[in-house]
There are 4 protein chains.
Amino acid sequence: MASPNKREDILSAALILFSERGYDGTTIPMIAERANVGAGTIYRYFENKEYMVNILFQECLLDFSESMKKVDLTATMNLKEKFYLLFNQMITFAKAKPEQLNFFDTHCTGYYLDDKSKKLLGEYLDFLTSFIEEGKKSGVIQDLPSDALISIIYGAFSHLFKLIHAGLIEESPHLLESLVDCCWNAIKIH
Amino acid sequence: MASPNKREDILSAALILFSERGYDGTTIPMIAERANVGAGTIYRYFENKEYMVNILFQECLLDFSESMKKVDLTATMNLKEKFYLLFNQMITFAKAKPEQLNFFDTHCTGYYLDDKSKKLLGEYLDFLTSFIEEGKKSGVIQDLPSDALISIIYGAFSHLFKLIHAGLIEESPHLLESLVDCCWNAIKIH
Amino acid sequence: MASPNKREDILSAALILFSERGYDGTTIPMIAERANVGAGTIYRYFENKEYMVNILFQECLLDFSESMKKVDLTATMNLKEKFYLLFNQMITFAKAKPEQLNFFDTHCTGYYLDDKSKKLLGEYLDFLTSFIEEGKKSGVIQDLPSDALISIIYGAFSHLFKLIHAGLIEESPHLLESLVDCCWNAIKIH
Amino acid sequence: MASPNKREDILSAALILFSERGYDGTTIPMIAERANVGAGTIYRYFENKEYMVNILFQECLLDFSESMKKVDLTATMNLKEKFYLLFNQMITFAKAKPEQLNFFDTHCTGYYLDDKSKKLLGEYLDFLTSFIEEGKKSGVIQDLPSDALISIIYGAFSHLFKLIHAGLIEESPHLLESLVDCCWNAIKIH
DNA sequence: GATGAATGAGCATTCATTCAT
DNA sequence: AATGAATGAATGCTCATTCAT
């Protein structure tokens, strides 16, 4: 009857509520109710609400970045091939865990993020940056600041998935295939 | 000494605070202090906090959409020319009123938005949609759902400006010119 | 209808409740109810509960020590005369403000007292000490540590008044006159 | 490894914590941690927190009063000799079990004391009273209410030991011998 | 019109107590 | 017998809102 893993129940509930209503718009009683635990139980697992968002943020980010780093980029591939593999991995993640993406997106600039969360975010961006730098060096990606290029691609990607997740846009294989093309066309040298 | 237009002072203060801390993370006393008015004064101008976000949202959106609709698109222009004009207008708006863009972006899916706000948002999207539809008909824009195309372009644009506004990316004329190209390349037929 | 001095109402209520139930046994709602104010109102006057006890403690102690320092000790008096004047002043205070004495007595070793409260307490004890020292030098008071002598006298005095205040012992002019004698006999050289 | 007597461990921990922080300032988890038992274990030995203070209070008081009643007062002694024996027994107890004295002192007026605790306290006071009455009859102790005289002596004694226990006054054989004299002088007929 | 003192509902958090293991 | 995870009532405190000035 009792769930064997209350910690996960709480994090799942928090993930969805934070995504829907934001950090300050979500109350501990809301999380407790959705997780089917008493309000006090939450404090057995998380020191306080702020620690909780940060842990959730870090777990989401690690999950996402590990998924990305898992992509097998062999040396013989050209950059476009690598880009497509990475981007498709991002799509795979977004389809599998839309709430995580949404949560990450809406909380990555929160005033409540602690140093560890910010550091982790920085590290992940560095990984993406180094990929883009490689493309610029080999002359296939436009010569714009790497963070700007990442921002453009990630913005397009995440905004689209936010609307898909909200049910405002219908997902289709064709759309997702085209999305990769769109993003590649946005940054490649013509 | 006293500001002649307290209503505007309040809205300006709210705009910035809502952008930085979100709706629920912003308190009426915070707004009152930043606007240099008493907390009670806010209730002379706005029925309550929820009405206030909605009015602010609607004013921002109207301001934005009027700015877009003001662009003079003469019949002789081709679609790319129109796109560039519209997009550059969006950039002009973003540079002039970065807080408004940021506020709009972070609040357009808020659970507290009322019907009027949602209706206005829909109308604005329709305007953009009809533009994209035109491009698809004339065979210069890819055959993807219009709202998806808008989402891609708007996502790229707004995410970049969010980072510029946060001081994480440096704005430059070259970057902004290239941004239009990127977005056009993302959706045009190659 | 509304009391003109809510701060005093709150402090009075807190004084009595803290005396009766201790710091931790007294809740903010209890204080609010007794003071006839809303619970939130208390926080307009006191940063938090801990600040409140400390302010109350300091005000009580200042009131008490000012009352003692007000006693006119002319140079021509001998030490016994001075002792009787001071002790009677203490009794006067105890009769006028029994709750203050009781509160002071039960809270002067509280773990929640801040540095300012402790400093004030130290200064007051120094005043008493210097009086006792004078008596020891002039050979009329026993040669024991001054703080021990103070403790003996104050202990006898405060314990008796605690029971009087609790209604367990009946106060009478004769008792109070005798109390001074008892205390003087306890410390004088025979 | 496990203590053979958890009940005593719990009472010892509670005694010290209640003395230092008061009844309401002490939590069950605090007691459990200090006693090296699980929080739930406490409820095997004590129905609830309130029963626990009362049992502790009663055990302390019985311990104290038995120690006092154990003093061998032979019929041939005069009252002063008896007083000195009794008082020195009190000092012996205070030196051996300072926490018990301190706990007793700070909790004997607690709102949470039940009828049994109050009855026991009354009985103990009656014992002391009858001793004082004897002295008054034989004309060596002043004619003041017995409970007042007890209060004066006990107040002086307990206050001094509170400060000794707190480390604010240094204990010395001379001080303790003098203390008896002080207290006797306070109440005897001169 | 403007204020900010006052309020109490509601928040994050703690803690006495229970109970499955 | 002993534990500590789980609970929810109750705490200290905040804040949207009201209203007397």
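Quick caveat: nothing in here was measured; it's all calculated off a predicted structure. By convention in this document, chain letters (A, B, ...) are assigned in the order of the sequence lines, proteins followed by strands, and residues within each chain are numbered from 1.
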What is the separation between atom CD1 on A:Ile31 and atom C1' on E:dC11, rounded to the nearest whole Å? 12 Å

Distance check needed: E:dT17 P versus D:Tyr51 OH, whole Å only. 11 Å

Can you classify the ring geometry of C:Tyr23 versus C:Tyr111 as parallel (below 30°), tilted (30 to 60°) or perpendicular (above 60°)? perpendicular

Set out, in order, the CA-CA distance, both residues' side-chain angles and the distance that settles side chain to side chain contact (heavy atoms under 4.5 Å, CB included) for B:Lys97 and B:Leu15, then state yes or no. CA-CA 11 Å; B:Lys97 303 174 176 175; B:Leu15 179 72; over 6 Å; no

Please give, in whole Å, the distance from F:dT3 P to D:Asp9 CG? 11 Å

Pairwise side-chain contact, B:Tyr45 with B:Leu11, heavy-atom cut-off 4.5 Å (strictly under): no

What nucleic acid atoms does B:Ile28 come within less than 4.0 Å of, heavy atoms only: base, sugar-phosphate, or nothing? base

Measure from the side-chain heavy atoms of D:Lys6 and tell me the nearest of E:dA2, E:dT13, F:dT3. F:dT3

For DNA chain E, consecutive-pair runs of 3 or more (Watson-Crick or G-U wobble, both H-bond-type distances under 3.5 Å) give E:2-21 with F:2-21

Can you tell me the distance, in whole Å, between the CD atom of B:Glu33 and the P atom of E:dT3? 13 Å

Looking at CG of A:Asp114 and CG of A:Leu120, how far apart are the two atoms once the value is rounded to the nearest 0.5 Å? 10.0 Å

Could you check how far CG of D:Asn48 sits from C1' of E:dT18, rounded to whole Å? 13 Å

Of the candidate nucleotides E:dC15, F:dG12, E:dA2, which contains the atom at the shortest distance from the side chain of D:Thr27? E:dC15

Separation of atom CE in B:Met52 from atom P in F:dC15, rounded to whole Å: 15 Å

Any side-chain donor paired with an acceptor under 3.5 Å for C:Ser12 and C:Asp9? no

Indicate yes or no for a side-chain donor-acceptor contact from D:Lys49 to the backbone of D:Thr26 under 3.5 Å, with no hydrogens or angles considered. yes

Can you tell me how far the CG atom of B:Asp105 sits from the CD atom of B:Gln100, to the nearest 0.5 Å? 13.0 Å

Can you find a heavy atom in the side chain of D:Leu56 that is under 4.5 Å from one in the side chain of D:His107? no

Expressed in angstrom and rounded to an integer, what is the separation of A:Asp24 atom CG from F:dA16 atom P? 11 Å

Please give, in whole Å, the distance from F:dC13 C1' to A:Lys49 NZ? 15 Å

On a heavy-atom basis, the closest approach of D:Pro98 and D:His165 is CB-CD2, 3.5 Å

Can you list, by residue number, the residues of residues 34-47 of chain C that have a non-hydrogen atom closer than 4.0 angstrom to DNA chain E? C:Val37, C:Gly38, C:Gly40, C:Thr41, C:Arg44, C:Tyr45

